[in-house]
Amino acid sequence: MKLVVLAWFVLAVTAVKHELFKTCAQSGFCTRQRHYANHVSTSHYAIDPKSISISTDKVEAQLIKKWPGHSIAFPISIHGIVGNQLRVIIDEDRSSAQGETGLVNPRRYNETGKWAFNGGQVETQAFKSAKVQKNQLVIEYGEHSRAEIDLAQFVINFFYDGELELSVNENNYLNIEHWREEDEADEDGNLMAEELDFDLFSDSFKDSAADSVPVGPESVALDFQFKKHHHLYGIPEHSDQFRLPSTKGGEPFRLYNVDIFEYETSSRLPMYGSIPFVIAPGSSSVGVFWVNAADTWVDIDYNDEGSHTHFMSENGVVDFIVTIEPKVADVNRQYGKVVGNTMLPPLFSLGYHQCRWNYNDEADVLDINSKFDEHGIPYDTIWLDVEYADRKHYFTWQEDKFPNPGRMARKLDRIGRHLVVIIDPHLATGYFASEELIDDGSEMKNSKGETFKGHCWPGESVWVDTLNPKGRAFWAFQYQRFLSNYTTKNVHFWNDMNEPSVFDGPETTAPKDNLHFGNWEHRSIHNIYGLTLHEATYSTINDGDERPFILTRSYYAGSQRTAAMWFGDNLPTWEHLRTSVSMLLTHNVVNYPFVGVDIGGFFGDPSPELLTRWFQTSIFYPFMRQHAHLDTRRREPWVAGGVYTDAMRNAIRLRYSMLPIWYTAFHQSALTGVPVVKPMFYEVNDDAVMEIEDQFFVGDSGIMAKPVMDAGANKVKMYIPQGQHKYIDYTDGDFGSSVKVYQPGTTATIGAPITSIPMVVRQGSAFFRKRRYRRSTRLMAQDPYTLTIVVDDNGNAHGRLYIDDGHSFSYKQGEFLELEVTATASAITVDVVSQDSSDANYSAQLAAMVEIDQIQVVSASGFADVSSVSADSGADTHYVIDGSVMTITAHHPISQSMTLTISRDVVDEL
Ligand code: NOJ
């Protein structure tokens with residue numbers, strides 16, 4: 001009986017409501033574009049050679065769509081852009097639509113880049129040359145790249161170092177549904193033979209049947225054939241495997257930001273965010289960014305040559321950027337020049353976050369706060385969900401429960417703790433904020449240009465239009481007034497439900513024919529709405545002094561510049577735990593590393609085993625937060641008790657001790673766009689790793705982890721990649737009493753009882769940790785560092801450390817320190833590599849406060865021949881050798897370079 005009830009409960013909670021969301025067959029444009037792709041055999045598009053005009057960084061021309069009796073011209077432009085990338089834009093002259101589209105802006109929406117690109121635009125880069133040769137336009141750009149555009153067929157071939165890497169429109173899937181009026185469409189169809197007329201001017205899906213489709217069919221689609229790449233990744237957000245599966249014969253992946261609660265695993269359904277960037281690693285690596293914010297479906301397929309994608313968007317311009325580089329990390333670096341890299345997060349936000357829906361009142365918050373200390377568990381941030389606000393009227397408090405929020409924030413601040421409160425974009429009708437918004441006129445409008453009203457948590461609500469500069473100013477004013485009561489700077493914000501979630505809207509979101517600033521339909525901007533909201537929050541609370549922290553649920557390419565995100569309303573299942581890691585890797589390869597998922601699952605109650613394993617996995621989430629639904633039981637780390645609580649405590653403490661590694665990795669990612677949590681193929685050259693999605697590297701530390709994500713497991717099988725390096729067991733961040741060495745190209749079986757987190761370190765690596773337990777990151781600031789060096793068979797290793805104050809922007813003025821560690825058989829050098837005159841003061845302060853107190857050197861071959869270790873500073877240096885581990889005690893100021901000389905006995909060779 002118990003089992004039956006349990007099974008029913010699990011089923012009851014795992015039911016995503018499929019019927020709320022369209023399948024491709026229920027989406028007019030997806031059906032039409034797939035049909036076109038299945039039937040087209042020859043290109044209907046050609047560039048008119050006479051129309052071509054070439055300048056230093058741009059080619060402009062007319063692209064002609066032709067079929068019997070019809071010819072329609074589309075302006076096309078090809079741009080050289082920063083980072084040796086090429087951008088192609090195809091627009092439409094819609095002057096004949098003027099006055100025919102009601103209130104709607106008749107143009108195709110071409111401002112996605114304004115939001116996605118760092119600084120709102122992309123820097124151009126001159127071509128090396130551009131000329132028309134025979135029937136081709138040939139553009140040489142960057143050092144190694146060339147694009148050849150076949151004018152008659154409109155196929156673009158991209159070459160790197162003379163090798164063909166990518167063909168665009170090779171399968172003739174380019175299809176732009178041109179402007180036409182409904183009556184025109186009836187006669188000869190105004191359609192090509194390969195086109196369908198399904199839902200051209202209406203929407204037959206039951207929940208969106210009210211869509212007035214004022215512009216008619218206007219979708220765009222195009223295919224990309226990757227010539228040598230058999231593995232594709234990216235296009236989040238989906239709860240699916242890391243390597244994108246083929247969609248042949250099934251549903252395409254959909255990018256349409258929706259409130260998909262109780263989502264399933266192995267699913268191509270849309271989720272809360274969208275990044276239309278696909279990345280193909282290999283001996284050369286290719287990235288394609290489809291710059292479009294409308295509802296988008298993507299088909300993926302693998303073939304003998306490589307792999308294939310078909311992007312289909314409901315409207316907007318065709319706009320894409322191609323990046324080709326030898327290494328996959330270089331694709332991230334170049335793409336990052338367009339959309340920006342992750343912010344450097346404030347250090348506290350890399351600590352542990354405790355959230356639930358809801359902590360009830362001030363006493364509850366302060367009780368949870370002190371329980372962490374009673375249980376010896378570090379944490380940095382406590383969160384308040386919607387119930388803190390009076391009737392969920394954001395920018396207010398329930399005064400009987402939170403009589404003095406400023407006092408509560410001050411109490412938390414005393415030991416460096418932070419408070420995050422939720423503020424959603426829906427404002428209940430009938431209170432000051434919504435009334436001020438409507439008075440201001442900067443709310444989202446319906447298709448008739450009136451205030452749009454829908455339902456969300458507080459009941460009937462209106463939505464701020466943060467595409468509107470006035471909407472952003474309104475948003476800023478609300479925050480400023482709300483924050484004016486606080487004297488501390490430890491209050492931060494969580495923007496949830498910003499897809500936007502509309503409970504009574506089609507597919508849980510806003511009607512597509514709603515209107516935004518500029519008379520753009522919601523249809524055109526849907527996937528960037530969430531970004532415009534959290535960016536508005538960021539610019540409001542950014543005082544230029546403290547680094548803001550914001551969590552967003554909805555996102556687009558570029559969101560990484562200003563907000564962390566999490567994967568929404570997951571379930572307490574082992575599948576969801578495993579999916580969280582695949583999704584984590586996916587976001588990392590599209591330059592969005594600051595992500596995480598609700599530890600333990602949002603709905604329902606995880607078993608103590610699952611919760612413990614989830615905590616252990618979550619120490620590898622850049623954003624590490626426990627959160628749970630209103631109806632769940634409490635599950636703070638001390639609730640399970642016994643061995644479970646011990647294991648969770650150890651996991652969180654391990655995370656804190658590794659914060660120098662995380663912070664260094666974030667700094668690197670902020671500079672270069674590389675992942676923080678790295679899929680294996682970033683670090684090793686081994687075909688066998690391309691589908692591994694449960695094992696990864698942490699930054700450049702050389703630490704590779706494989707957390708336990710299976711029920712009842714007490715060991716993991718970890719793949720040790722091929723190559724010249726061996727790996728050393730580092731389970732729980734410890735080398736154990738006898739060092740275990742794993743050989744390349746093997747599978748290591750690593751014991752993992754409920755208390756254990758399997759990790760290994762690649763030989764040749766060095767990293768820093770802080771090992772003392774403190775209650776929060778702020779209290780760790782002056783703690784000493786332990787330097788760990790795992791040398792290779794020749795005694796060599798290399799590593800880095802980045803430090804700054806962890807909270808302000810002064811690092812931008814040079815107040816930071818970067819150390820480089822180099823070990824050889826005879827010396828260990830710690831070099832201060834970045835220190836200019838402006839940070840001398842900072843370095844001096846650091847030198848007085850923080851030291852390296854221990855250096856742990858690990859060598860598979862041991863240290864039997866070491867006869868002495870001496871410091872160039874002349875300081876006393878004690879060392880102890882215990883088999884393969886040599887522990888050197890030092891008291892070395894962190895911001896001074898040093899060299900330790902290791903003398904070894906010379907063994908006479910006979
Ligand atoms: C939906 C979010 O995904 C969830 O985390 C939150 O608790 C609820 N909204 C209530 O605010």
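In each ligand, atom 1 is the first atom listed, and ligand 1 is the first ligand listed. All values reported here derive from a predicted model rather than from experimental measurement.
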Check: Taking distance alone, with no angle check, do D569 and ligand 1 share an N/O pair under 3.5 Å?
Finding: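 Such a contact does occur with ligand 1.
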### Query
Under 3.5 Å between some N or O of ligand 1 and some N or O of R553?
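Checking ligand 1 against R553, an N or O pair does fall under 3.5 Å apart.
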Is the contact between [X] and ligand 1 made by the side chain, the backbone, both, or neither, using heavy atoms and a 4.0 Å cut-off?
X    : answer
F261 : neither
W383 : neither
H627 : side chain
I422 : side chain

**Asked** Under the 3.5 angstrom rule, does the side chain of R472 hit a backbone N or O of T466 as a donor-acceptor pair?
**Response**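 Yes; judged by distance alone, with no hydrogens or angles, the pair exists.
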Any donor-acceptor pair under 3.5 Å from E693 side chain to F242 backbone
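Between the backbone of F242 and the side chain of E693 there is a qualifying donor-acceptor contact (under 3.5 Å).
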*Short side-chain donor-acceptor distance under 3.5 Å, W115 and Y529*: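 Note: Y529 and W115 side chains miss the donor-acceptor criterion.
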Exercise for the section: Please determine, by modelled atom types, if H587 and Q560 share a side-chain donor-acceptor pair under 3.5 angstrom. Expected result: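 No, no side-chain donor-acceptor contact under 3.5 Å.
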Could you report the tightest heavy-atom contact between [X] and [Y], atom names first, then the distance?
X    : Y    : answer
V298 : L255 : CG2-CD1, 4.2 Å
F603 : P572 : O-CD, 2.7 Å
N490 : H492 : O-CD2, 3.3 Å
I368 : W638 : O-CH2, 3.9 Å

Counting from 1, what ligand 1 atoms have a heavy atom of [X] closer than 4.0 Å?
X    : result
W494 : 5 (O)
V386 : 11 (O)
D496 : 1 (C), 2 (C), 3 (O), 4 (C), 6 (C), 8 (C), 9 (N), 11 (O)
M497 : 1 (C), 9 (N)
D385 : 6 (C), 7 (O), 10 (C), 11 (O)

task = Just do the side chain to side chain donor-acceptor pair (under 3.5 Å) check on S274 and N257 with the steps written out, would you?
result = CA-CA 6 Å; S274 298; N257 299 352; 2.6 Å; yes
Practice item. Answer with yes or no whether W457 contacts ligand 1, where contact means a heavy atom under 4.0 Å from a ligand atom. Key: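 Judged by the 4.0 Å heavy-atom criterion, W457 does count as contacting ligand 1.
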Checklist entry - Closer than 4.0 angstrom: is that true for some heavy atom of W566 and an atom of ligand 1? => result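 Heavy atoms of W566 do come under 4.0 Å of ligand 1.
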